[in-house]
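Worksheet for the structure shown next.
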Amino acid sequence: MTDPFFIDDLDADQGAHSPRPGGIAARARAAAGGPRYLDGLNPEQREAIEAMDGPVLVLAGAGTGKTRVLTTKIAHLIAQGRARAHEILAVTFTNKAAREMKERVALLAGPVAEGMPWLGTFHAISTKILRRHAELVGLKSSFTILDTDDQIRLMKQVLQAENIDDKRWPARALAFQIDAWKNRGLDPAHVPAGEAGAFANGKGGQLYALYQERLKILNAADFGDLLLECLRLFKENPDVLAQYQSRFRYMLVDEYQDTNIVQYLWLRLLAQGRHNVCCVGDDDQSIYGWRGAEVDNILRFEADFPGAKVIRLERNYRSTGHILAVAASLIAHNEGRLGKTLFTDGELGAKPTVAGVWDSEEEARSVGEEIEQLQRKGHALDEVAILVRASFQMREFEERFITLGLPYRVIGGPRFYERAEIRDALAYLRCAAQPADDLAFERIFNLPKRGLGDATLQLLHDCARRQRIPLMQAAAAMVETEELKPKQRQTLRGLLSDFSRWSSLIDSKPQGELAEMILEESGYTDLWRKDRTAEAAGRLENLKELVRSMEEFPDLGAFLEHISLVMEAAGVDGGPRVSIMTLHAAKGLEFETVFLPGWEEGLFPHQRSLDESGRAGLEEERRLAYVGVTRAKRRAKIYFATNRRIHGLWQTTIPSRFLDELPADHVEVVEAASGAAYGGYAQSRFANMDTYGSSYATPGWQRARRRAEESKHEAQGRGQQGKTYQQNRRGPLQIEGELIAKSSTASGFVKGARVFHQKFGNGTVAGVDGNKLTVDFDKAGRKLVLESFVQAG
DNA sequence: TGTGGCCGAGTTTTT
DNA sequence: CTCGGCCACA
């Protein structure tokens with residue numbers, strides 16, 4: 001085989017049907033001279049790949065090989081000589097998706113695809129374009145990218161300068177509003193008067209303009225600007241636009257259902273050149289409406305791009321038959337959709353289960369027990385996931401798993417770059433690289449404490465605002481005057497001279513060494529060295545990790561850009577673990593077994609979604625449910641609890657309406673795995689047999705019904721069930737505590753030892769039982785934990 | 001400058 | 001209930 005694009009079955013997970021070697025299909029292809037990378041694609045996938053000219057919309061259902069189509073298409077375009085790697089624009093939403101696509105294209109097309117310079121997120125690609133033409137939009141090409149935090153702080157300054165009461169008109173709210181405007185492609189001049197006037201007695205639009213002005217002075221852009229300013233660049237400079245329109249012979253867009261208006265406008269402008277735009281997406285998986293995604297973009301595609309070809313991928317390679325049937329029936333309740341039905345030739349598999357539990361604690365207990373059963377049967381823990389609607393639901397599972405000693409990981413926790421020490425360190429680097437970065441300067445100006453307080457900052461601000469210059473420049477001016485007290489003046493002068501020294505080293509010193517030097521000389525590292533709290537060591541470790549990761553970049557600028565657009569948590573592995581995450585975070589992933597807890601009205605669908613967006617909100621929630629179910633390859637396990645604590649109060653809940661939408665023939669109603677099950681079917685719409693066919697006359701269902709009756713009576717007899725329950729609830733913990741306290745055997749820890757736990761913090765060992773410790777945590781109270789989860793404190 | 005207490009909010013999250 | 005932010009006070 002001389003074909004350079006030959007690959008092994010790269011894509012087993014997408015279930016490619018490899019044709020029998022020498023089979024008719026293979027021989028026909030050989031005769032036609034078709035390239036090997038097209039082997040094993042189904043006709044629709046192949047059609048999507050071979051449709052190269054003009055606009056194409058690929059409606060790719062969950063698990064239908066969407067990524068494979070995209071990556072193969074890129075390889076195909078290159079192999080067919082339609083375009084070279086740098087003439088293809090491929091856009092994704094997340095850095096993760098971009099990275100994966102890059103890897104897979106490299107595998108398929110090899111070195112020919114080297115680089116794919118225009119494969120990236122909307123933001124990364126826009127940034128790249130903006131830096132090249134920054135001066136045309138009033139920026140310098142070294143502009144800083146502000147994150148949400150910086151945005152809000154900048155907004156606070158703007159509001160303060162305008163004497164607007166931050167209490168009544170929170171900076172955060174206006175920052176969000178501006179972000180929303182930017183997502184809709186609206187600059188200050190184009191915000192509808194009604195909306196602009198809604199904030200701060202009609203000043204919203206004006207404040208937006210002032211905020212933009214400040215950004216330019218700081219030589220900064222926020223996330224929204226990256227797209228909006230790029231769009232403005234194109235609109236105001238037809239020559240620049242033409243240059244990119246002709247460069248991008250082919251454009252591919254992943255997750256098109258998640259695009260917002262500004263992204264759509266940006267794409268449409270570029271696509272007006274060669275018209276070869278291929279968008280891949282699934283309207284049924286649009287779950288980001290609340291942050292500006294426009295499902296309409298995908299629903300309207302054919303109107304927006306005349307002559308568009310629409311290809312549906314409906315053959316699912318991920319899930320078994322019953323799971324797909326459940327997903328299909330659920331999503332069929334949505335009205336605003338293009339319509340597609342997943343199917344599989346594979347086995348029916350096990351029916352998704354629905355189990356009712358008394359409360360969230362029993363829910364966690366049952367899930368834990370089921371996972372342990374799976375584990376005993378030899379199932380891998382990293383093929384198990386718990387997908388929740390809201391992150392507060394995670395805590396209960398975490399606590400249960402810690403008790404059980406079940407390894408788990410929470411996906412989507414606080415990110416590396418959001419941690420205080422990382423942000424502080426970055427602020428130092430930003431100041432050195434970009435002295436106009438006021439927000440960074442403000443952050444570290446008195447960190448570590450150096451006696452420069454709010455009063456000094458206020459003076460600097462006044463000066464900066466009066467002269468329309470950055471803070472550091474203002475500071476430089478003020479240390480030459482008598483306006484500051486001698487002590488502050490001296491300190492500030494020292495700080496400024498430190499920064500100018502560090503700045504001067506940027507081009508000569510490797511950025512890693514420079515960073516170490518800055519953190520050392522500024523006294524920042526010492527701040528944490530002196531800190532004797534348990535977290536300090538971890539923070540120092542994070543700082544080291546930061547310096548280490550810098551060394552992979554060509555220079556400080558490249559690193560800072562990466563950090564503002566990309567930086568993710570340094571993954572600490574260590575054996576297979578159960579994943580706990582939100583449904584949103586689960587999109588694009590798949591697991592053998594998926595637990596879907598919390599299917600109750602108010603939580604899922606979430607009340608707020610219904611209140612704020614009505615029918616559209618409900619449909620988005622339903623799509624979320626659909627995403628959840630379609631993550632499962634072989635087992636989907638749905639739960640609902642009858643009681644849940646909401647804002648500290650126990651409330652009786654009603655099973656989710658989505659349960660009523662599941663097809664009776666494909667669902668099994670089961671008892672929860674935990675022994676101490678209450679029925680909890682009282683008041684359940686789900687318990688209404690008439691909704692279902694006769695197939696619900698299963699033993700499990702009958703048991704469930706029986707218990708529903710019992711618990712109804714129980715509830716009546718008990719009166720205030722919420723209160724009674726609250727008392728019950730404290731029971732088990734106590735019992736566990738006592739049990740543990742009784743025995744004490746060999747362990748690395750002794751009673752009275754101080755320990756540190758990742759989740760609960762510091763505490764004192766109150767009892768030891770084998771590898772289990774009872775610990776009185778300073779903050780979290782008494783908990784039973786596994787020895788392996790704590791460190792000596 | 002640091003800390004305690006009070007008040008308010010409380011879904012999902014990328015870039 | 002629990003956390004975070006902000007203000008007032010030491």
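Here is how names work: the chains are called A, B, and so on, in the same order as the sequence lines, proteins then strands, and each is numbered from 1.
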Exercise. Can you name the one residue among A:E363, A:E361, A:E396, A:Q651 that meets side chain to side chain donor-acceptor pair (under 3.5 Å) with A:R644?
Worked result: A:E363

Problem set entry | Distance in angstrom units between A:R172 CZ and C:dG4 P, rounded | 12 Å

Exercise. Looking for any heavy atom pair under 4.0 Å, which part of the strands does A:N446 touch: base, sugar-phosphate only, or nothing?
Worked result: sugar-phosphate

Exercise. Does atom CD of A:E612 have more than 12 heavy-atom neighbours, drawn from other residues, nucleotides or ligands, at distances under 6.0 Å?
Worked result: yes

For this session: Might you confirm whether atom CZ of A:R132 has over 12 heavy atoms from other residues, nucleotides or ligands at distances under 6.0 Å?
Result: yes

For this session: Determine: side-chain N/O of A:K96 to OP1/OP2 of B:dT15, distance under 4.0 Å, yes or no.
Result: no

Exercise. Taking atom P of B:dA9 as reference, at what distance in whole Å does atom CZ of A:R608 sit?
Worked result: 10 Å

Exercise. Atom CZ of A:R99 to atom P of B:dT14: distance rounded to whole Å?
Worked result: 13 Å

For this session: In whole angstrom, give the distance that lies between atom CD of A:Q651 and atom P of B:dG10.
Result: 16 Å

Exercise. Is there a side-chain polar atom (N or O) of A:R389 under 4.0 Å from OP1 or OP2 of B:dT12?
Worked result: no

Exercise. Does any donor atom in the side chain of A:Y408 or A:E398 lie under 3.5 Å from an acceptor atom in the other side chain?
Worked result: yes

For this session: For A:D149 and B:dT15, give me the distance from atom CG to atom P, rounded to whole Å.
Result: 16 Å

For this session: Take A:W290 and A:H606 through the test ring-ring contact (aromatic ring centres under 6.0 Å, His included) and record every step on the way to the result.
Result: CA-CA 13 Å; A:W290 52 273; A:H606 201 281; over 10 Å; no

Exercise. Between B:dT15, B:dT11, B:dT1, which nucleotide has the shortest distance from any of its atoms to the side chain of A:N95?
Worked result: B:dT15

Heteroatom pairs (N/O) under 3.5 angstrom, protein to nucleotides 6-9 of chain C:
unit_1 : atom_1 : unit_2 : atom_2 : d
C:dC6  : OP1    : A:K156 : NZ     : 3.1

Exercise. Rounded to whole angstroms, how far apart are CG on A:L227 and C1' on B:dT14?
Worked result: 12 Å

Exercise. Closest approach of A:A221 and A:L226, non-hydrogen atoms and distance?
Worked result: CB-CD2, 4.2 Å

For this session: Evaluate the side-chain hydrogen bond (donor to acceptor under 3.5 Å, both in side chains) criterion for residues A:E255 and A:Q257: first the C-alpha distance (whole Å), next the side-chain angles of each, then the deciding distance (0.1 Å), finally the verdict.
Result: CA-CA 5 Å; A:E255 307 278 17; A:Q257 77 282 354; 2.7 Å; yes

Exercise. Heavy atoms under 4.0 Å, any strand shown: does A:E612 hit a base, just sugar-phosphate, or nothing?
Worked result: base

Exercise. With centres under 5.5 Å and planes under 30° as the test, does A:H123 stack with B:dT15?
Worked result: no

For this session: Could you state the atom-to-atom distance from CD1 of A:I287 to C1' of B:dT14 in whole Å?
Result: 12 Å

For this session: Check every strand shown and say whether A:G224 touches a base, only sugar-phosphate, or nothing at a heavy-atom separation below 4.0 Å.
Result: nothing

For this session: Kindly confirm whether the side-chain ring of A:W290 is stacked on the base of B:dT12, judged by centres under 5.5 Å and planes under 30°.
Result: yes

Exercise. Whole Å only: how far is the CZ atom of A:F143 from the C1' atom of B:dT15?
Worked result: 13 Å

Problem set entry | Nearest-nucleotide pick for A:T121, side chain only, options being B:dG10, B:dT1, B:dT15 | B:dT15

Seminar exercise, completed: DNA chain B nearest-nucleotide lookup for A:L452 and A:E620: closer to the 5′ end is A:L452

Exercise. Taking only side-chain nitrogens and oxygens of A:T582, does any of them come within less than 4.0 Å of OP1 or OP2 of B:dT13?
Worked result: yes

Problem set entry | Over all atoms of both residues, closest heavy-atom pair of A:A175 and A:I152 | CB-CG1, 4.0 Å

